[in-house]
Amino acid sequence: MTLKLDDSVLHSQNDLKFAAVAIGRNEGERLKRCLESLSAAARVVYVDSGSEDGSVQWAREHGVDVIELDMNIPFTAARARNAGFRRLREVAHDLTYVQFIDGDCELKQQWPEQALGYLDVHADVGAVCGRRRERFPERSIYNWLCDIEWNVPVGEVRAFFGDVMIRILAIDGVGGYRNDLIAGEEPELCIRLRAAGWRIWRLPSEMTLHDAAMTRFGQWWRRAVRAGYAFAQGAYLHGAPPERHYVWETRRAWLWGVWLPLACVAASVSLWPWGLLTWLIYPLQVLRQTVRNAGSLMDRATIAFFQVLARFPESLGQIKFLFGRLRHGQARLIEYK
């Protein structure tokens, strides 16, 4: 079924060429905004991963095709996106593009027309993304940091985030997302897309509003642990030349989060009290990053502080991945909400 929304919204001729897959769990009002923003899509599939807030019922009541994942199988966002895409392929055979979106995001009204217009005239481009912004960057420093993180350069890029318009031919050709990745599934998919000859482009257009709802330090810490895990897994899968995927990020996490702290502890004990001076390498690194960052002095210093601090949870994510590999166990999702 098609999403039942306001018929007064006018759409371009491109509208019927794309469908949408949204994923989420217990997103509440965020999900409602997400699905309502997909009114231009010819078909909308929502993949739910165990919501208990009425999300499934609301989506079905509004005409959305809903898939409820079997939660006896470990959840990953990649698995959810693949399930939604398979459903689209079953019920919509004549579509050219698919918009993937997270349930805590809202699609900007002008984005589909801009994305499809670009893809239509650039046959070698397999996927396009735009500017993802935080809905409430002023509510916490952690939301604000997310908003900065989303602001990557415009033009040809190596990867996209969770929200993206993809050519169905391209994602079909590489087999979709990897179900077993608990994080970093989008960059990994991009590696295979680029290897297949597709280009990825970021347009200078507003694409989505994201609601990270990250208001506590513990949330930021767990999200950084997840990033470290993604770096380790990405380097394990695609770290060999020429890709060298996440190799630098992995080495950086181990250097600043493990080896340098151990060296500082050793120096502090063996060269007491002068060995304590070795810990100055961290404020010096904050100063170095402050100089390199953009923005006001306060913004640059704040970003630099969290850039350096993030190496510690990232290193924990690296260690978590390493122990998981040694135990040959199933990775479990690292959630921050």
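Between Val64 and Val45, the shortest heavy-atom contact is CG1-C, 4.4 Å. Of all heavy-atom pairs spanning Pro261 and Trp279, the tightest one is O-CH2, 3.8 Å. Closest of all the heavy-atom pairs between Cys146 and Ala212 is SG-CB, 4.2 Å. Closest approach of Pro187 to His245, counting heavy atoms only: CB-CE1, 3.7 Å.
Residues Phe85 and Tyr177 are not in side-chain contact: their nearest non-hydrogen atoms beyond the backbone lie 4.5 Å or more apart. Counting only heavy atoms from C-beta outward, the side chains of Gln114 and Met165 never approach each other to under 4.5 Å. Proximity of Arg81 to Val98: side-chain heavy atoms (C-beta onward) are nowhere separated by under 4.5 Å. For the pair Ile23/Asp102, a side-chain contact is recorded, criterion being any heavy-atom separation below 4.5 Å from C-beta on. Two residues are said to be in side-chain contact when any heavy atoms from C-beta on lie closer than 4.5 Å; Ser51 and Trp58 fail this criterion.
Checked against a 6.0 Å centroid threshold, the rings of Trp201 and His122 do not count as neighbours.
Between the Asn143 side chain and the Met214 main chain, a donor and an acceptor come within less than 3.5 Å of each other. Asn293 places a side-chain N or O within donor-acceptor distance of the main-chain N or O of Arg300, the cut-off being under 3.5 Å. In terms of modelled atom types and a separation under 3.5 Å, the side chain of Ser205 and the main chain of Trp111 share no donor-acceptor contact. Between the side chain of Glu188 and the main chain of Gln233, no donor-acceptor pair closer than 3.5 Å is present. In this structure, the side chain of Arg79 engages the main chain of Ile73 through a donor-acceptor pair within 3.5 Å. Looking at Gln99, its side chain does come within 3.5 Å of a backbone N or O of Val164 through a donor-acceptor pair. Under the 3.5 Å distance criterion, the side-chain polar atoms of Arg25 are left unmatched by any main-chain donor or acceptor of Gly50. Between the side chain of Asn26 and the backbone N or O of Glu52, at least one donor-acceptor pair lies under 3.5 Å. At least one donor-acceptor pair under 3.5 Å links the side chain of Arg194 to the backbone N or O of Arg158. With hydrogens and angles ignored, the 3.5 Å screen pairs a side-chain donor or acceptor of Arg167 with a backbone N or O of Val125.
There is a side-chain donor-acceptor pair under 3.5 Å between Gln318 and Thr250. Tyr336 and Arg226 share no side-chain donor-acceptor pair at under 3.5 Å.
In this structure, Val121 is not a member of the same hydrophobic cluster as Ile168, with clusters built from ILVMFWY side-chain heavy atoms closer than 4.5 Å. Put simply, Val265 and Ile281 are part of the same group of oily side chains (I, L, V, M, F, W, Y) that touch within less than 4.5 Å, one to the next. Note on Leu169: it clusters hydrophobically with Leu193, by side-chain heavy-atom contacts below 4.5 Å among ILVMFWY residues.
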* **Check against side-chain contact (heavy atoms from CB on, under 4.5 Å), Phe161 and Cys129** => CA-CA 8 Å; Phe161 299 117; Cys129 56; over 6 Å; no
* To do: Please lay out, stage by stage, how Leu35 and Leu38 fare under the test side-chain contact (heavy atoms from CB on, under 4.5 Å).
  => CA-CA 5 Å; Leu35 296 179; Leu38 299 175; 4.3 Å; yes
* Asked: Step by step, would you call Thr215 with Phe136 a side-chain contact (heavy atoms from CB on, under 4.5 Å)?
  -> CA-CA 10 Å; Thr215 58; Phe136 302 114; over 6 Å; no
* List the steps and the verdict of side-chain contact (heavy atoms from CB on, under 4.5 Å) for Ile171 and Phe100. => CA-CA 11 Å; Ile171 192 170; Phe100 288 98; 3.7 Å; yes
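Residues passing the side chain to side chain donor-acceptor pair (under 3.5 Å) test with Arg86: none are found, sequence neighbours excluded.
Around CZ of Arg251, the count of heavy atoms belonging to other residues, nucleotides or ligands within 6.0 Å does not exceed 12.
Aromatic ring orientation, Trp221 versus Phe217: tilted (interplanar angle from 30° to 60°).
The residue from Tyr246, Trp254, Tyr229 that alone fulfils the ring-ring contact (aromatic ring centres under 6.0 Å, His included) condition with Phe321 is Tyr229. Of the options Arg133, Gln109, Arg131, a side chain to side chain donor-acceptor pair (under 3.5 Å) to Glu206 is made by Arg133 and by none of the others.
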